There are 2 protein chains.
Amino acid sequence: MEPFALSAAEAARLIRDRQLSAEELVRSCLSRIAARDAEVKAWLFLDPDLAIRRARELDKLPPKGPLHGIPFGVKDVIDTADMPTTQNSPIYPDAMIGRDAACVAVARQSGALILGKTDTVEFASGGRKALTRNPFNLKHTPGGSSSGSGAAVGDFQVPLAFGTQTAGSHIRPASFNNLYGMKPSWSLASREGLRMSAASLDTVGWFGRSVADMALVAEAFRLPGLDAPAVGVKGLRVGLCRSPVWDRIEPAGAAALEAAARRLEAAGAIVEPLELPADFAGLPAARDLIGRHEGAASFLPEYLGAPHLLAADIRERVEARAAQDPAAVLAAYNLADRCRPVFDALFGPKLDVVLTPAAPGEAPEGLHTVGNWIFNVIWTLLHVPCIGIPAIRGPRGLPVGVQIVGPRLSDGKLLAIAAAVAPVIDSEPDWARKALLG
Amino acid sequence: MEPFALSAAEAARLIRDRQLSAEELVRSCLSRIAARDAEVKAWLFLDPDLAIRRARELDKLPPKGPLHGIPFGVKDVIDTADMPTTQNSPIYPDAMIGRDAACVAVARQSGALILGKTDTVEFASGGRKALTRNPFNLKHTPGGSSSGSGAAVGDFQVPLAFGTQTAGSHIRPASFNNLYGMKPSWSLASREGLRMSAASLDTVGWFGRSVADMALVAEAFRLPGLDAPAVGVKGLRVGLCRSPVWDRIEPAGAAALEAAARRLEAAGAIVEPLELPADFAGLPAARDLIGRHEGAASFLPEYLGAPHLLAADIRERVEARAAQDPAAVLAAYNLADRCRPVFDALFGPKLDVVLTPAAPGEAPEGLHTVGNWIFNVIWTLLHVPCIGIPAIRGPRGLPVGVQIVGPRLSDGKLLAIAAAVAPVIDSEPDWARKALLG
């Protein structure tokens with residue numbers, strides 16, 4: 001098997017055991033990129049020579065941390081000291097920011113090899129779409145706004161990548177690209193140096209190809225609770241949450257959720273429908289209003305400096321604030337603030353984890369769209385940890401995942417639950433997926 | 001009168017009317033700095049030639065916005081594209097970031113002349129103090145962490161400057177340096193490019209020497225509600241809030257609050273004691289815990305990369321997270337989330353504005369301290385707008401201010417109230433202050 005097909009956790013172990021070098025791994029990823037990326041178009045910036053130089057340096061060092069020698073893609077709304085950060089905006093065509101974003105610095109300090117920058121929706125917020133195509137069907141979107149990061153990891157071009165989620169930009173692309181994706185609790189991983197869109201919503205996340213990959217990055221971020229005891233599926237209390245936006249589900253999304261639930265039940269889990277309290281139905285609209293309100297502050301600099309180069313929908317976000325009713329904005333904040341502890345309190349003896357759609361269904365056709373984030377926004381606004389898990393293939397052969405969700409700050413326990421349920425939910429074991437690579 | 005003694009609003013009007021040039025103004029500020037800053041030590045970076053060049057460019061342009069030609073100091077935890085950003089940390093001795101923080105970009109796009117970088121507590125968070133001294137008595141602290149910005153504006157070295165507040169770093173230095181200071185509602189002015197310390201608390205603010213100065217910057221940020229109708233003091237309902245931490249007040253702080261209340265009453269305001277609901281007493285401890293929790297994520301990059309160059313108290317913040325009880329952290333968030341709408345709802349027919357201490361008393365002696373932020377933390381955590389107003393001189397001749405506070409997103413109305421109450425509260429009219437300059 002080519003090194004590029006290894007998961008991050010597998011590759012990290014081999015590198016630690018000196019059975020694989022960082023240079024071999026990155027050369028393998030670069031050859032995969034060379035073979036595939038003309039079609040997939042995941043990358044906005046890539047410097048193969050720099051990558052190989054870095055790999056050689058890492059091969060000479062004792063292990064710096066859990067990610068030693070692992071190539072890592074970075075969504076291009078996240079700053080990198082040694083590569084441009086364009087935000088897919090014509091305002092910043094070659095911007096060199098002299099400092100790594102916090103997440104990039106943490107990855108680097110943990111031994112990761114920052115491989116390049118991946119395409120994104122403009123400012124991860126609107127306007128221009130990425131040019132990236134879905135590796136499972138080039139006519140379809142890979143999702144967004146973390147388009148390039150999702151496609152690059154899904155296409156085995158890089159084992160790990162950072163994405164971000166303000167509405168549903170991380171967990172949805174995980175589903176569309178057959179990936180594992182983790183969005184940690186809002187306060188746990190610094191978002192500094194990730195382009196601000198909505199200060200109380202933006203969250204950095206990571207893509208990989210196994211739960212162990214998710215845990216590896218979580219370890220680099222020193223998320224609390226990673227010593228949580230292992231969990232068994234037998235007797236696990238799973239709340240099957242169709243969510244207040246179930247009317248937006250597509251057959252493939254419903255099938256993925258039902259398949260995951262059925263498989264968990266067959267493995268001994270106790271799966272019961274979970275109805276969220278009535279006022280949670282207001283959360284999607286609240287998230288939208290908060291995102292617009294906070295976005296007006298975030299994009300004022302570009303609005304003042306280069307309005308003609310700013311997407312119309314972002315311009316409108318800035319202009320709309322003057323007419324926003326402060327009482328409505330506060331009502332949105334207050335609703336979210338009331339719902340968070342209510343959601344946390346659902347967990348206990350009767351509920352271990354929530355199982356809910358990661359996306360409406362398969363990735364839609366066309367690059368004019370990035371799909372619908374409606375199944376993600378409640379969890380983003382609640383600040384809770386989410387882990388996306390692949391589940392089935394839909395009628396068009398495209399992957400469809402689900403997500404599991406825990407209460408705030410339970411990230412370590414959620415990873416333990418993911419380690420138990422993922423082998424049950426994920427229908428396509430690793431060997432099969434790798435065989436697809438030919 | 002020397003141009004440096006003008007308030008920002010006065011200077012902006014003269015420049016707009018072509019009675020003063022940006023070059024004349026900045027040369028006057030530079031001469032004041034040359035005469036004074038060897039003692040005050042407000043600045044970490046200053047490039048007089050660059051400033052004069054910028055002023056000449058601005059003098060050739062039609063007005064760019066409300067701040068056209070006005071020199072603006074920037075706390076050195078805030079990024080500037082053309083000047084280093086050291087964060088007063090030995091980790092970043094000459095860091096050039098290549099991009100303006102959002103607040104700097106907004107000021108520049110509004111015509112401001114970014115004059116230089118002002119000294120700060122390390123990362124605005126702990127460890128190393130600024131070298132800055134209080135311009136009213138060089139043996140005393142100017143407060144912190146916005147030490148240099150407060151002292152520079154207080155000493156008439158620059159008419160406006162940005163500070164930041166995570167606990168009490170903005171409104172307290174306003175009090176210590178005889179200044180007006182505005183901390184807007186948390187979500188209204190983008191904090192992007194301001195060093196993250198605590199993501200849900202950090203707020204950018206501005207210092208000036210009049211309410212009109214505060215409004216000028218608010219206009220640049222397009223804060224909502226700036227068209228609020230003018231307010232009269234007669235009949236104004238003022239809640240005199242000694243606050244749950246009144247046991248920490250000093251005689252000079254108590255005298256300032258009493259003087260402000262008495263003067264407002266004499267001018268026809270209805271001043272009544274305001275007792276906050278009992279559970280607000282838990283807010284200072286909640287803010288502290290949230291600050292530590294979020295700080296652990298913020299400082300992980302430096303902790304991993306250069307722990308020996310990081311202040312011990314910041315290192316400890318990172319290390320402590322593993323042992324933090326998530327339930328306690330969530331209880332802190334939940335308390336703040338419950339108190340915010342309760343505070344907002346106090347306002348209405350019976351209450352227009354809250355009057356409360358800006359600091360315990362005069363600036364303490366010594367540069368080993370930046371004074372106590374205990375009278376600021378509740379308002380920071382509540383995300384409410386605050387405006388600091390000078391009130392009296394204390395027994396050592398040092399200024400002591402108060403602050404007025406409104407409900408979230410009422411910034412425009414609070415400015416209107418400030419315009420009414422400041423001439424009543426502020427005992428030292430502008431002419432008297434300027435006379436002090438000799």
Side-chain angles (χ1 to χ4, degrees), chain A residues 65 79 85 92 95-100 102-106 108-110 186-193 195-196 199-200 220-222 224-225 290 293-294 296-305 318 321-324 326-327 329-330 333-334 336-338 340-341 344 383 407-410, chain B residues 65 79 85 92 95-100 102-106 108-110 186-193 195-196 199-200 220-222 224-225 290 293-294 296-305 318 321-324 326-327 329-330 333-334 336-338 340-341 344 383 407-410:
Chain A
D79 294 338
T85 302
Y92 303 103
M96 287 300 296
I97 306 306
R99 186 174 59 207
D100 282 334
C103 63
V104 173
V106 166
R108 261 198 236 270
Q109 292 297 340
S110 306
W186 180 77
S187 60
L188 286 182
S190 173
R191 58 73 47 80
E192 183 154 36
R195 167 64 199 216
M196 195 164 278
S200 76
F221 278 97
R222 301 196 175 202
I290 291 170
H293 170 73
E294 295 182 355
S298 302
F299 295 109
L300 181 59
E302 286 84 5
Y303 179 85
L304 294 174
V318 177
R321 190 171 75 175
Q324 265 172 3
V329 176
L330 292 179
Y333 279 118
N334 293 344
D337 290 348
R338 275 201 315 276
R340 285 192 195 105
D344 294 342
H383 290 175
R408 285 178 294 171
L409 306 190
S410 74
Chain B
D79 293 339
T85 302
Y92 303 104
M96 288 298 297
I97 302 308
R99 185 176 58 207
D100 282 335
C103 63
V104 173
V106 166
R108 262 198 237 269
Q109 291 298 340
S110 305
W186 179 77
S187 60
L188 285 181
S190 173
R191 58 73 46 79
E192 183 154 36
R195 167 65 200 216
M196 194 163 281
S200 76
F221 279 96
R222 302 194 173 201
I290 291 170
H293 169 74
E294 295 182 355
S298 301
F299 295 110
L300 181 59
E302 286 84 7
Y303 179 85
L304 294 175
V318 177
R321 189 171 74 176
Q324 264 173 3
V329 176
L330 292 178
Y333 279 117
N334 294 343
D337 290 348
R338 277 200 313 276
R340 285 191 195 106
D344 294 342
H383 290 174
R408 285 177 294 170
L409 306 189
S410 74

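Letters A, B, ... mirror the listed sequences (proteins, then strands); counts begin at 1. This structure is a prediction, so every number in the text was calculated from the model and none was measured. Because only heavy atoms are used, hydrogens play no part in the values below, and waters and symmetry mates are left out as well, while side chains stay in.
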(message) Could you check whether A:Arg408 and B:Asn334, counting side-chain N and O atoms only, form a donor-acceptor pair closer than 3.5 Å?
(response) yes
(request) Mind ranking A:Ser187, A:Ala102, A:Pro326 by heavy-atom pairs under 4.5 Å with chain B and telling me who comes out on top? (result) A:Ser187
(request) Sort out for me which of A:Pro341, A:Cys103, A:Ala189 touches chain B most, counting heavy-atom pairs under 4.5 Å. (result) A:Pro341
(request) Let me know if B:Ala95 has heavy atoms under 4.5 Å from chain A in its side chain, its backbone, both or neither. (result) neither
(message) Apply side chain to side chain contact (heavy atoms under 4.5 Å, CB included) to residues A:Arg338 and B:Asp337 and explain how you reach the verdict.
(response) CA-CA 7 Å; A:Arg338 275 201 315 276; B:Asp337 290 348; over 6 Å; no
(request) Quick one: which of A:Gly305, A:Ala336, A:Pro407, A:Ala322 has the most heavy-atom pairs under 4.5 Å with chain B, could you say? (result) A:Gly305
(message) Using a 3.5 Å distance criterion without hydrogens, assess whether the side chain of A:Glu192 forms a donor-acceptor pair with backbone atoms of B:Met196.
(response) yes
(request) Please report the shortest heavy-atom distance between A:Leu304 and B:Ser110, naming the atom on each side. (result) CD1-OG, 4.3 Å
(message) If you define the side chain from C-beta out and look only at heavy atoms, does anything of B:Gln324 sit under 4.5 Å from A:Leu409?
(response) no
(request) Using salt bridge (charged side-chain N to carboxylate O under 4.0 Å, His left out) as the criterion, list what pairs up with B:Arg108, not counting sequence neighbours. (result) B:Asp82, B:Asp100
(request) Answer yes or no: is there a donor N or O on one side and an acceptor on the other, between the side chain of B:Arg321 and the main chain of A:Arg222, under 3.5 Å? (result) yes
(request) Quick one: list whatever passes salt bridge (charged side-chain N to carboxylate O under 4.0 Å, His left out) with A:Arg99, sequence neighbours left out. (result) B:Asp79
(request) Can you tell which part of A:Tyr333 gets under 4.5 Å to a heavy atom of chain B, answering side chain, backbone, both or neither? (result) side chain
(request) For residues B:Leu300 and A:Ala220, report the shortest heavy-atom separation together with the two atoms involved. (result) CD2-O, 3.9 Å
(request) Check the pair B:Trp186, A:Ser200 against side chain to side chain contact (heavy atoms under 4.5 Å, CB included), reporting the backbone distance first and the verdict last. (result) CA-CA 10 Å; B:Trp186 179 77; A:Ser200 76; 3.9 Å; yes
(message) Using heavy-atom distances under 4.5 Å, tell me whether A:Arg195 contacts chain B through its side chain, its backbone, both, or neither.
(response) both
(request) Look up atom CG in B:Leu330 and atom NE2 in A:His383, then write down how far apart they are to the nearest 0.5 Å. (result) 12.0 Å
(message) For the interface with chain A, which of B:Arg340, B:His293, B:Glu302, B:Arg191 has the highest count of heavy-atom pairs at distances below 4.5 Å?
(response) B:His293
(request) With a 4.5 Å cut-off on heavy-atom pairs, point out which of B:Gly98, B:Ala297, B:Ala323, B:Pro224 contacts chain A the most. (result) B:Ala297
(message) I'd like to verify something: which residue of A:Ser298, A:Pro301, A:Ala105 has the highest number of heavy-atom pairs under 4.5 Å with chain B?
(response) A:Pro301
